[in-house]
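Scroll down for the structure; my scribbles are underneath it.
We use all heavy atoms of the structure for the numbers below, so side chains are in, but hydrogens, waters and symmetry mates are not.
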Amino acid sequence: MKKSGFFILEGGEAVGKTTQLKLIETALSEKGYEVLTSREPGGTAIGDRIRAILLDQAHGNTIQPLTELFLYNASRRQWMHEVVDPALAAGKIVLGDRSFLSTMVYQAYVQGIDPEFAKDICLRAMGGRVPDRIFLLDIPTEEMLRRLKKDADNKTSRYDVMEDDFHRSVREGYLAQIDRFPGLIEKIDGQAPVDEISQKIIGRILDAMD
Ligand SMILES: Nc1ncnc2c1ncn2[C@@H]1O[C@H](COP(=O)(O)OP(=O)(O)OP(=O)(O)O)[C@@H](O)[C@H]1O
Ligand SMILES: [Mg+2]
């Protein structure tokens with residue numbers, strides 16, 4: 001079925017983005033839609049190399065917030081050009097694991113880069129195209145810390161091993177974006193049962209493409 005749409009799952013560590021993307025991709029594919037799932041940063045040859053630099057725990061103490069802002073957006077520019085724009089032009093649904101909203105939270109809100117500057121860089125990297133809808137999976141920080149502890153053996157990103165206060169600030173930062181981008185972000189209770197969450201998001205995606 002040729003019907004394009006650009007949707008993103010967002011939220012801090014362990015809120016359930018990857019779990020949901022798999023379920024949503026499967027359900028939409030079964031309904032006959034052509035779906036492309038991709039993650040940020042990465043999703044292209046250049047982007048995957050940038051991703052490795054960004055998520056390397058060895059750089060945790062040296063990388064500057066502005067360096068991060070530019071690297072994320074360098075990856076994002078390639079992703080939009082090589083992945084998102086062609087897929088939408090071909091009538092596919094693009095489902096993204098993170099987006100510019102992560103930059104607004106991690107580099108601007110948490111690390112103090114001017115949010116208007118960050119927003120401008122992000123929008124330029126996206127070539128002016130914004131997602132149709134961003135689903136923000138939200139869970140209390142205590143639940144996030146519990147999930148991270150449970151999955152500790154699988155966690156290698158430097159964000160997963162940050163202090164508790166970092167995760168608290170990330171959650172606050174996400175909630176603060178809802179008013180910065182009116183009508184774009186829908187908050188979803190990430191503590192609801194997995195299938196309930198996916199049904200809700202699938203319903204919203206289908207409505208948005210009508
Ligand atoms: N609705 C839910 N209720 C309870 N546990 C959940 C729910 N959704 C996901 N989980 C669990 O939370 C953990 C993190 O899930 P997942 O990897 O999907 O999160 P994520 O947002 O992709 O994390 P990351 O940012 O680290 O990639 C997993 O152990 C998963 O099974
Ligand atoms: Mg994930």
Side-chain angles (χ1 to χ4, degrees), residues 3-13 15-21 23-25 27-28 33 35-43 47 68-69 72-73 75-81 83-89 91-111 113-139 144 169-192 196-210:
K3 214 157 192 192
S4 69
F6 183 22
F7 301 95
I8 305 288
L9 263 68
E10 276 280 2
E13 278 56 47
V15 295
K17 300 179 296 296
T18 304
T19 305
Q20 289 302 327
L21 273 176
L23 293 172
I24 297 164
E25 178 179 27
L28 291 175
Y33 292 99
V35 184
L36 187 143
T37 354
S38 193
R39 69 177 177 187
E40 273 212 51
E68 289 192 335
L69 176 74
Y72 276 111
N73 279 291
S75 169
R76 182 164 296 133
R77 181 72 213 114
Q78 288 302 126
W79 182 66
M80 293 302 295
H81 180 71
V83 179
V84 178
D85 291 342
L88 294 175
K92 295 181 187 171
I93 297 177
V94 177
L95 298 178
D97 191 335
R98 294 194 180 274
S99 70
F100 79 97
L101 204 69
S102 292
T103 304
M104 294 303 299
V105 173
Y106 291 77
Q107 280 68 53
Y109 188 91
V110 176
Q111 300 201 72
I113 288 179
D114 172 7
E116 285 306 312
F117 174 66
K119 182 178 160 188
D120 188 33
I121 299 284
C122 289
L123 292 179
R124 281 167 193 259
M126 293 190 296
R129 190 195 288 282
V130 284
D132 293 303
R133 176 71 46 116
I134 297 177
F135 301 101
L136 170 57
L137 292 168
D138 179 58
I139 59 176
M144 177 185 293
S169 178
V170 165
R171 184 187 186 208
E172 265 175 33
Y174 271 112
L175 295 175
Q177 305 308 315
I178 296 173
D179 288 340
R180 184 176 289 280
F181 298 96
L184 180 63
I185 302 166
E186 178 168 350
K187 188 173 84 157
I188 305 276
D189 174 11
Q191 281 189 296
E196 206 176 285
I197 298 173
S198 56
Q199 285 312 313
K200 184 169 189 174
I201 297 177
I202 291 161
R204 293 285 196 274
I205 289 177
L206 295 175
D207 286 350
M209 291 193 310
D210 263 351

**OP:** Mark yes or no for whether K17, through its side chain, and G12, through its backbone, hold a donor-acceptor pair below 3.5 Å.
**Re:** yes
**OP:** With sequence neighbours excluded, tell me which residues meet ring pair (Phe, Tyr, Trp, His ring centres under 6.0 Å) with F181.
**Re:** F100
Subject >> Main-chain N/O of F6 paired to D132 side chain as donor or acceptor, under 3.5 Å >> reply: yes
**OP:** Quick one: do E68 and Y106 satisfy side chain to side chain contact (heavy atoms under 4.5 Å, CB included)? Show the steps, please.
**Re:** CA-CA 9 Å; E68 289 192 335; Y106 291 77; 5.7 Å; no
Original post:
Going by the salt bridge (charged side-chain N to carboxylate O under 4.0 Å, His left out) test, which pairs reach into residues 169-183, not counting sequence neighbours?
Top reply: E116-R180, D138-R171
Subject >> L137 versus G190, closest heavy-atom pair with distance >> reply: CD2-CA, 4.5 Å
Original post:
What closest approach, in Å, do L184 and P131 show between heavy atoms, and which atom pair accounts for it?
Top reply: CD1-O, 3.2 Å
**OP:** Output all residues satisfying side chain to side chain donor-acceptor pair (under 3.5 Å) with R133, sequence neighbours left out; order by chain, then residue number.
**Re:** E186
Original post:
Roughly how far, to the nearest 0.5 Å, is the CD atom of Q191 from the CD atom of E196?
Top reply: 12.0 Å
Subject >> Shortest non-hydrogen contact between K3 and I93, atoms and distance >> reply: O-CG1, 3.4 Å
**OP:** Apply side chain to side chain donor-acceptor pair (under 3.5 Å) to S75 and list each qualifying residue two or more places apart in sequence or on a separate chain.
**Re:** none
**OP:** Indicate the atoms forming the closest heavy-atom contact of A125 with N73, along with that distance.
**Re:** CB-OD1, 3.4 Å
Original post:
For M209 and F7, what are the C-alpha separation, side-chain angles and deciding distance, and is it a side chain to side chain contact (heavy atoms under 4.5 Å, CB included)?
Top reply: CA-CA 11 Å; M209 291 193 310; F7 301 95; 4.0 Å; yes
**OP:** May I ask you to test the I197-K200 pair for a side-chain heavy-atom distance under 4.5 Å?
**Re:** no
Original post:
About how many Å separate CG of D85 and CE of M126, when rounded to the nearest 0.5 Å?
Top reply: 11.0 Å
Original post:
Where is the tightest heavy-atom contact between Q177 and L101, given as atom of each residue plus distance?
Top reply: CB-CD1, 3.8 Å
Subject >> Residue list, side chain to side chain donor-acceptor pair (under 3.5 Å) with S198, at least two apart or on another chain >> reply: none
Original post:
Picking from I24, L28, I205, what satisfies side chain to side chain contact (heavy atoms under 4.5 Å, CB included) with V35?
Top reply: L28
Original post:
Do L206 and Y33 come within less than 4.5 Å of each other through their side chains, counting heavy atoms only?
Top reply: yes
Subject >> Heavy-atom neighbours of R129 CZ exceed 12 at 6.0 Å >> reply: yes
Subject >> Separation of I185 CD1 from M104 CE (nearest 0.5 Å) >> reply: 9.5 Å
**OP:** Please tell me if the side chains of R204 and I201 come closer than 4.5 Å, counting only heavy atoms from C-beta onward.
**Re:** no
Subject >> Residue pair L123, V130: steps toward the side chain to side chain contact (heavy atoms under 4.5 Å, CB included) verdict >> reply: CA-CA 8 Å; L123 292 179; V130 284; 3.7 Å; yes
**OP:** Would you check if P115 and Y109 make a side-chain contact, meaning some heavy-atom pair closer than 4.5 Å?
**Re:** no
**OP:** May I ask you to test the L69-T103 pair for a side-chain heavy-atom distance under 4.5 Å?
**Re:** yes
Original post:
Can you list the steps and then say if R98 with E13 is a salt bridge (Lys or Arg N to Asp or Glu O under 4.0 Å)?
Top reply: CA-CA 11 Å; R98 294 194 180 274; E13 278 56 47; 3.3 Å; yes
**OP:** With the side chain counted from C-beta on, respond yes when L95 and L9 share a heavy-atom pair under 4.5 Å apart, and no when they do not.
**Re:** no
**OP:** State, to 0.1 Å, how close C122 and R76 come at their nearest heavy-atom pair, and which atoms those are.
**Re:** SG-NH1, 3.6 Å
Subject >> Partners meeting side chain to side chain donor-acceptor pair (under 3.5 Å) with E10 (sequence neighbours left out) >> reply: S99, S102, Y174
